[in-house]
Amino acid sequence: MSSLGLGSIKRTKKPLVLIAVMLAMFMGAIEATIVSTAMPAIVGDLGGFSLYSWVFSAYLLMNAITVLIYGKLSDLFGRKPVISIGIMIFLIGSALCGFAQSMEQLILFRFIQGLGAGAVLPMATTIVGDIYSKEERAKIQGYLSSVWGISAISGPLVGGLLVEYASWRYVFWVNIPLGLLSIVVLWLYLHENIEKKKPVIDYGGAFLLVVTLSSLMYLLVEGGVHLPWGSWQAIFLITLFILGFVVFIYHERRTAQPMMPFDLWKVRSILVANIVSLTTGVMLIGISSFLPAFVQGVMERSATVAGFTLTAMSVGWPISATIAGRLLLKIGYFKTSLMGGISLIAGGTIFVLMDPSYGPLWPAIGSFFVGVGMGLSSTSFIVSIQSTVEWQVRGIATATNMFMRNLGTTIGAALLGGILNSRLQRYLEESGNDYSINDVNMLLNQQEREQLSSGMLELLQNSLTGSLQSVYLVVLLFALFSFIGILFLPRDQLLKK
C-alpha cells in the first residue's frame with residue numbers, strides 16, 4: 001500500500017502533483033530535443049566536431065550512474081526531497097552550460113547537468129506509481145508520455161528559433177523557470193509518510209560503476225580515432241572495464257543494500273524489460289544525436305527543419321504510449337511490446353535506406369516509427385514493473401529500468417560517436433586531401449559552408465553521409481536485438497481492470 005498521503009493531516013493533491021511531475025518531465029524531455037537541435041550551431045560557434053559526441057556522453061554518463069543512487073535514496077528518504085535536489089543540480093548545470101566558452105567547458109558543465117538529471121525522470125515516474133492505483137497507472141502513463149509530444153512540438157520550434165534569431169545559449173536557460181515551478185508545486189502538494197531508516201548507501205558500487213562505465217565510454221569514443229586499438233592505453237581500458245564489471249557484480253551480490261538489486265532481475269518480465277530498455281536506448285541516442293547534423297550539414301536545411309525531423313519521434317511516442325495504456329488492458333504486455341518491436345525495426349530500416357536527395361520528410365517518417373516503437377514498449381515495461389513490486393522497492397525497480405535505458409544511451413553515444421569519427425577519418429584519409437574530422441565544423445556553419453569550394457563541399461558531405469549510414473546500420477541491428485528480446489517476455493500477462 002502506498003505510504004503517500006495516508007495517515008497524515010495533509011493529503012497529497014494528485015492532480016497538482018501530476019502537473020508538477022509533468023513539468024519536471026517536460027524539462028528533461030525538452031532538454032533532449034533542444035540540445036540536439038542546437039548542437040550544429042554550438043559546434044559551428046565553439047568548434048571541435050571531434051568532441052561532438054562527448055557533449056551527449058558526459059551528460060548521459062552521469063545520468064546513468066546517478067539514477068540508481070537516486071532511486072535508492074528515494075526509498076529511504078522519500079521522492080520529494082530527492083527529485084528536488086536533482087532538479088536544482090540540473091538547473092545549476094543548465095545555467096553554466098549557457099555560459100560555456102569552449103567545447104571542453106560545455107562538456108564539463110554537461111557532467112553537472114547529468115548529475116542532477118538522474119533524479120528527474122525516474123522519480124517523476126515513481127511518484128506516479130506511488131499515488132495512483134494499478135488500474136489508474138496505465139492511463140496516467142499515457143498522460144506522462146504526452147509530455148514528450150508537447151516537448152516535441154515546442155522543443156525544436158523554440159530551439160530552432162533561439163538558434164536562428166538569438167543564441168544557442170538560451171536553449172539551456174529555458175529549463176530554469178520550469179524546474180523552479182515544479183519544485184514549488186511538489187513541496188506544496190506532495191505529502192509523504194516515510195518510515196525512518198538508517199541510510200545505507202552503496203558508495204563502493206557507485207565508485208565501481210563510475211570506473212567501469214567511464215573506461216568503456218572513453219574507449220568507444222576515442223578507440224580507432226585518437227587511440228589505436230592495439231595501443232597499451234586501449235588494452236588498459238578494456239582490462240579496466242572487464243575487471244570493474246566483474247568486481248561490480250561480485251560486490252553487489254554481497255553488499256546488504258546494493259544500488260543494483262540483482263534479486264529483481266530474477267523476475268522474467270523485469271529482466272527482459274531491462275535488457276530491451278538498454279538496446280532501445282542505443283537506438284534512441286543514435287537518432288537524436290546525429291540526425292540534426294545530417295539535415296543541416298548535408299541536406300543544408302535550417303536548425304528548425306532539423307529539429308522537426310526529431311519532432312516526429314516525440315509525436316509518435318506519446319500517441320502510441322496513450323494507445324498502449326488501453327492495449328495493456330485488452331491484449332497484455334507481450335503483444336503490446338511486440339507491436340513496438342516491429343515499429344522499431346521499420347524505423348531503423350528507413351534510416352538505413354536514407355539518402356540526402358529524399359529530403360527531411362524521409363528521416364521524419366523514420367523518427368515517427370521509432371517513436372511509436374518506444375512508446376508501445378517503454379509504457380508496457382514501466383507499468384509491468386510497477387505492478388510487480390511493492391512500494392518499498394518501487395523506486396529502485398523503476399530507477400533500474402531507467403538506468404538500463406540510460407546505460408544504453410550512454411553506450412550508444414560513445415559507440416556510435418566512435419563509429420562516426422573513425423569512418424569520417426577513413427573517408428577523409430582516402431580522399432588524399434589534408435582534411436581532418438574538425439573540418440566538418442564548416443558544414444554546420446552556414447556562412448563557412450557557403451564559402452567552401454564545390455569539390456570540398458561535396459567531399460565533406462559525402463564523408464558525413466557515408467559515416468552516418470554506418471551509424472544507422474548499427475541502429476537497425478539494435479532494433480533487431482530489441483525485437484528478439486521482446487519475444488522472451490511472458491505471454492500470459494494481462495493488466496486486470
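Nothing fancy with the numbering, it's 1 onward along the sequence.
Of all heavy-atom pairs between F351 and P363, the closest is CZ-O, 3.5 Å. The minimum heavy-atom distance between F368 and G316, with the atom names listed, is CE1-CA, 3.5 Å. Smallest separation of non-hydrogen atoms from A321 and T379: CB-OG1, 3.3 Å. Across all non-hydrogen atoms, the minimal contact from I89 to G116 is CG2-N, 3.6 Å. Residue V370 comes nearest to M313 through the heavy atom pair CG1-CE, 4.4 Å, listed as atom of the first residue, atom of the second, then distance. Here the closest heavy-atom approach between residue W317 and residue S320 is recorded as O-OG, 2.9 Å.
Without hydrogens or angle criteria, T255 side chain to E252 main chain gives no donor-acceptor distance under 3.5 Å. Side chain of R423 to main chain of S467: no donor-acceptor pair is present (N/O by atom type, distance under 3.5 Å, no hydrogens or angles). Listed for the Q105 side chain is a donor-acceptor partner under 3.5 Å among the backbone atoms of Q101. A donor-acceptor contact shorter than 3.5 Å links the side chain of R110 to the backbone of V55. At distances below 3.5 Å, not a single donor-acceptor pair connects side-chain atoms of Q113 with backbone N or O atoms of C97.
Residues L291 and S367 are in side-chain contact: their nearest non-hydrogen atoms beyond the backbone lie under 4.5 Å apart. Side-chain atoms of T465 and D355, non-hydrogen and from C-beta on, never get closer than 4.5 Å to each other. The side-chain heavy atoms of I486 and V272, taken from C-beta on, include no pair separated by under 4.5 Å. The shortest side-chain heavy-atom distance between V35 and F172 falls under the 4.5 Å cut-off. Side-chain atoms of T212 and L240, non-hydrogen and from C-beta on, never get closer than 4.5 Å to each other. Taking the side chain as every heavy atom from C-beta outward, I419 and L415 approach each other to under 4.5 Å. Inter-residue side-chain proximity for L264 and L271 is flagged as unmet; no heavy-atom pair is nearer than 4.5 Å. Side-chain atoms of L344 and F369, non-hydrogen and from C-beta on, never get closer than 4.5 Å to each other.
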Self-check item: L162 vs V174, side chain to side chain contact (heavy atoms under 4.5 Å, CB included): CA-CA, chis, key distance, verdict
Solution: CA-CA 10 Å; L162 288 174; V174 296; 4.1 Å; yes
Quiz item: Passes side chain to side chain contact (heavy atoms under 4.5 Å, CB included), V211 versus F241? Steps please.
Solution: CA-CA 8 Å; V211 172; F241 165 70; over 6 Å; no
Exercise. For side chain to side chain contact (heavy atoms under 4.5 Å, CB included), just list the numbers for M39 and V43, CA-CA rounded to whole Å, side-chain angles, deciding distance to a tenth of an Å, and then say yes or no.
Key: CA-CA 6 Å; M39 270 308 295; V43 173; 3.8 Å; yes
Exercise. Test side chain to side chain contact (heavy atoms under 4.5 Å, CB included) on V282 and F481 and set out the steps.
Key: CA-CA 11 Å; V282 175; F481 295 153; over 6 Å; no
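In this structure, CZ in R254 is found 14.5 Å from CD1 in I249, a value given to the nearest 0.5 Å. Residue M456 holds its CE atom at 11.5 Å from CD of Q451, rounded to the nearest 0.5 Å. The distance from atom CD1 of I285 to atom CZ of F478, rounded to the nearest 0.5 Å, is 13.0 Å. Annotation: the span from S378 atom OG to R405 atom CZ amounts to 5.0 Å, rounded to 0.5 Å. Note: S269 OG to F488 CZ = 15.0 Å, rounded to the nearest 0.5 Å. The distance from atom CD of Q296 to atom CG of L464, rounded to the nearest 0.5 Å, is 11.5 Å.
Annotation: Y59 is not in aromatic contact with W54 [ring centroid separation under 6.0 Å not met]. Checked against the 6.0 Å centroid criterion, the rings of F248 and F245 do not qualify as a close aromatic pair.
Counted within 6.0 Å of CZ on R426, heavy atoms from surrounding residues, nucleotides or ligands total 12 or fewer; the atom is thus considered open. Counting non-hydrogen atoms of other residues, nucleotides and ligands closer than 6.0 Å to OH of Y170 gives a total of 12 or fewer. Heavy-atom contacts from other residues, nucleotides or ligands closer than 6.0 Å to OH of Y472 number more than 12.
Scored by the side-chain hydrogen bond (donor to acceptor under 3.5 Å, both in side chains) test, E458 finds no partners at all (sequence neighbours excluded).
Checking V276, L477, I345 one by one against S482, the side chain to side chain contact (heavy atoms under 4.5 Å, CB included) holds for a single residue, V276.
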